[in-house]
Structures are given as C-alpha cells and as structure tokens.
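In this chain, numbering begins with 1 at the start of the sequence shown.
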Amino acid sequence: MDNQITYPYIDAFLNALQPSEDGFLRDIETLCRAENIPAAVRTTARLLYVLVGIHHPKRILEIGTAAGYSALTMYQAAGGNVQIVTIEKDEERFLLARQHMRQYGALGSIKPICGDAEEIITTLEESFDMVFIDAAKGASRHYFDAVLPKVISGGLVITDNVLYGGRTAMPGEPEHKHRTGVKAMRAYLDYLCHDPRFYTAVLPVGDGVALTLVR
C-alpha cells in the first residue's frame, strides 16, 4: 500500500524543501534505502533535529537504532552536547550502527546497546528528558510503559510510524495481515491522547509522529 497520509505532491514538495544533509548522514540514509534498513524519512529526521534544538535534552533514549541514522541526527542537532543511549535487538544492525558512530566520532556521547529493549530499560539507572521510539509498531505501548518511569517530568517522548501508512486512521476493519498492528497502534494513540498524565500531538509527518509531553 502506498503512503496514504498526505498527497504525493505534498510529499514531493516537502522533500524538495529539505536542504542537503551532512555528507556522512546522507550516505547512511542512502544505504538504508538501498538495503531496506529502517530509517526515519527525511522530514521526520528534520523534525527530530528541530525538537532537539528546542528541547535541549541532556540525556536521550532511543529504542530502535537500525543503522544509527536517527541517533546521529540527534547527536548532530545537539552539537555533540548530549548523552544518547540507543538500543537495537538485531546484532547485525547494531554492529553497523556502532561502526557508523565510531566513524562519526560520536561513541563518546552515544552508547549503543544490543538486546531486547524492554529488558534493557529496566537495567538503566539514568533518567531521560527525551525518548525516541522507532521500533516494532505493535510494541510501541510496551516500550512506552517500560520507559515511562525513567522519563523526567516535562520530558518528551517521540513515537514514529504511528499512522502506519495511513492504516491507523482508515475507517473500518483493517486487512487481516495488518489487523494486529493497526489495533495496537489505535489503542496506543488513544492511551497517549486521553491519559491525563500526558499531553500528546499526533502529526502527519513521514509515517506519522506522536509527540508526548510527560506532565
């Protein structure tokens, strides 16, 4: 299914507006597209960059490292003045991301960890003022609940892919192969938008981004 969040001409216009990225990040993005490795689309990466610039986080947790594109984008946005913990369960992607971070000179500020995020989060002693969830769509609520005790008051949790190519918002019953993921995402967004502990805005950027302020 094509992305049915915005019209194709709007996507083309917004993508054309994005200036050329840092050469190394552009190379990682190109690799991800060629090798079908998950990576935030350029408009989402641009939003991440702006959010880091506005929020000035000191400690960021990322769930879903993939090739390291988003972690390095946030690192660059903070001018390197940030500590990032990023978790990836796929060992091959973890090793690739760590290699990219080493090449970029960012391993002093970015700590990649390989393993199951829900298990690893319980072992982390630090708190975080920004979290980026970019992992399996059906598990977003599990990751959010696991990390919530470690998010400071006023912290920001960003969840990517919440509109699932438009499927989350489509009326009626989703097709069978997407049914579990769509129902889980609808329930997750309902939780984020109606629990009084949070204030959430859902944006039709990229594949859909939820911005949740923890009160």
Side-chain angles (χ1 to χ4, degrees), residues 2-3 5-6 8 10-57 59-88 90 93-94 96-107 109-112 117 128-137 140 143 155-166 200-212:
D2 293 332
N3 187 305
I5 297 173
T6 59
I10 294 178
D11 288 334
F13 176 76
L14 294 178
N15 285 328
L17 283 176
Q18 308 305 315
S20 296
E21 291 184 290
D22 168 280
F24 190 74
L25 291 180
R26 185 172 60 248
D27 290 345
I28 296 176
E29 182 195 19
T30 301
L31 171 69
C32 290
R33 306 302 175 221
E35 300 294 331
N36 200 29
I37 299 171
V41 299
R42 195 168 296 178
T43 49
T44 302
R46 197 73 178 173
L47 176 62
L48 270 181
Y49 193 106
V50 171
L51 290 171
V52 170
I54 293 171
H55 197 61
H56 301 294
R59 291 179 300 278
I60 300 174
L61 174 64
E62 178 184 51
I63 302 171
T65 314
Y69 177 63
S70 297
L72 287 171
T73 295
M74 293 187 287
Y75 169 83
Q76 185 189 68
N81 186 30
V82 67
Q83 294 296 313
I84 301 174
V85 175
T86 180
I87 305 171
E88 173 58 53
D90 184 290
R93 291 176 182 170
F94 162 78
L96 178 62
R98 188 172 64 179
Q99 175 185 331
H100 287 153
M101 292 164 191
R102 181 179 293 112
Q103 289 177 271
Y104 204 74
L107 276 181
S109 297
I110 305 178
K111 178 182 179 182
F128 300 92
D129 39 10
M130 181 177 281
V131 177
F132 181 46
I133 301 174
D134 188 17
K137 298 176 184 67
S140 295
Y143 296 134
L156 181 65
V157 180
I158 306 158
T159 310
D160 199 8
N161 304 306
V162 297
L163 293 180
Y164 199 176
T200 297
V202 181
L203 307 180
V205 174
D207 197 30
V209 179
L211 307 179
T212 302

**Prompt:** Going through the checks in order, is the side-chain contact (heavy atoms from CB on, under 4.5 Å) test met by V41 and D207?
**Reply:** CA-CA 8 Å; V41 299; D207 197 30; over 6 Å; no
**Message:** Show the nearest heavy-atom pair for residues A117 and Y143, with the distance to one decimal.
**Reply:** CB-CE2, 3.7 Å
**Closest heavy-atom pair and its distance - G68, A97** = N-CB, 3.8 Å
**Item:** Check against side-chain contact (heavy atoms from CB on, under 4.5 Å), L31 and L96
**Value:** CA-CA 11 Å; L31 171 69; L96 178 62; 4.1 Å; yes
**Request:** Enter the distance from L48:CG to T43:OG1 here, rounded to the nearest 0.5 Å.
**Result:** 10.5 Å
**Complete:** Between I5 and G208 the two heavy atoms that sit nearest each other are CD1-N, 4.0 Å
**Asked** CZ of F13: more than 12 outside heavy atoms within 6.0 angstrom?
**Response** no
**Asked** Pick from L156, D129, V131, L51: which one makes a side chain to side chain contact (heavy atoms under 4.5 Å, CB included) with P57?
**Response** D129
**Item:** Least distance between heavy atoms, Y75 atom then G105 atom
**Value:** OH-O, 3.7 Å
**Asked** Taking the side chain from R93 and the backbone from G64, do they hold a donor-acceptor pair closer than 3.5 Å?
**Response** no
**Request:** Could you tell me the separation between the CG atom of D11 and the CZ atom of R42, rounded to the nearest 0.5 Å?
**Result:** 13.0 Å
**Message:** As a quick check of understanding, evaluate side-chain contact (heavy atoms from CB on, under 4.5 Å) for L72 and I110, giving each step before the final call.
**Reply:** CA-CA 8 Å; L72 287 171; I110 305 178; 3.8 Å; yes
**Message:** Main chain of A66, side chain of E88: is a donor-acceptor contact present, judged purely on distance under 3.5 Å?
**Reply:** yes
**Prompt:** Short question: side chain of T65, backbone of I87 - any donor-acceptor pair under 3.5 Å?
**Reply:** yes
**Item:** Minimum-distance pair of heavy atoms, taken over all atoms of A71 and E62
**Value:** CB-OE1, 3.4 Å
**Fill in**
Nearest heavy-atom contact between G206 and T44 is CA-OG1, 3.6 Å
**Prompt:** Can you tell me how far the CD1 atom of I63 sits from the OG atom of S70, to the nearest 0.5 Å?
**Reply:** 13.0 Å
**Prompt:** How long is the span from the CZ atom in F132 to the CG atom in L61, to the nearest 0.5 Å?
**Reply:** 11.5 Å
**Prompt:** Hey, are the side chains of V52 and V82 touching, using non-hydrogen atoms and a 4.5 Å cut-off?
**Reply:** no
**Complete:** Separation between CD1 (I28) and CD (Q99), nearest 0.5 Å, reads 9.5 Å
**Message:** Checking Y69 against H100 for the side-chain contact (heavy atoms from CB on, under 4.5 Å) test, could you report, in this order, the C-alpha distance in whole Å, the side-chain angles of both residues, the deciding distance, and whether it holds?
**Reply:** CA-CA 9 Å; Y69 177 63; H100 287 153; over 6 Å; no
**Asked** With a 4.5 Å limit on heavy-atom distance, are the side chains of L203 and L47 in contact?
**Response** yes
**Complete:** Output for pair (M74 CE, I158 CD1), nearest 0.5 Å, gives 7.0 Å
**Prompt:** Any donor and acceptor pair, going by atom type alone, linking the side chain of S140 with main-chain N or O of K137 inside 3.5 Å?
**Reply:** yes
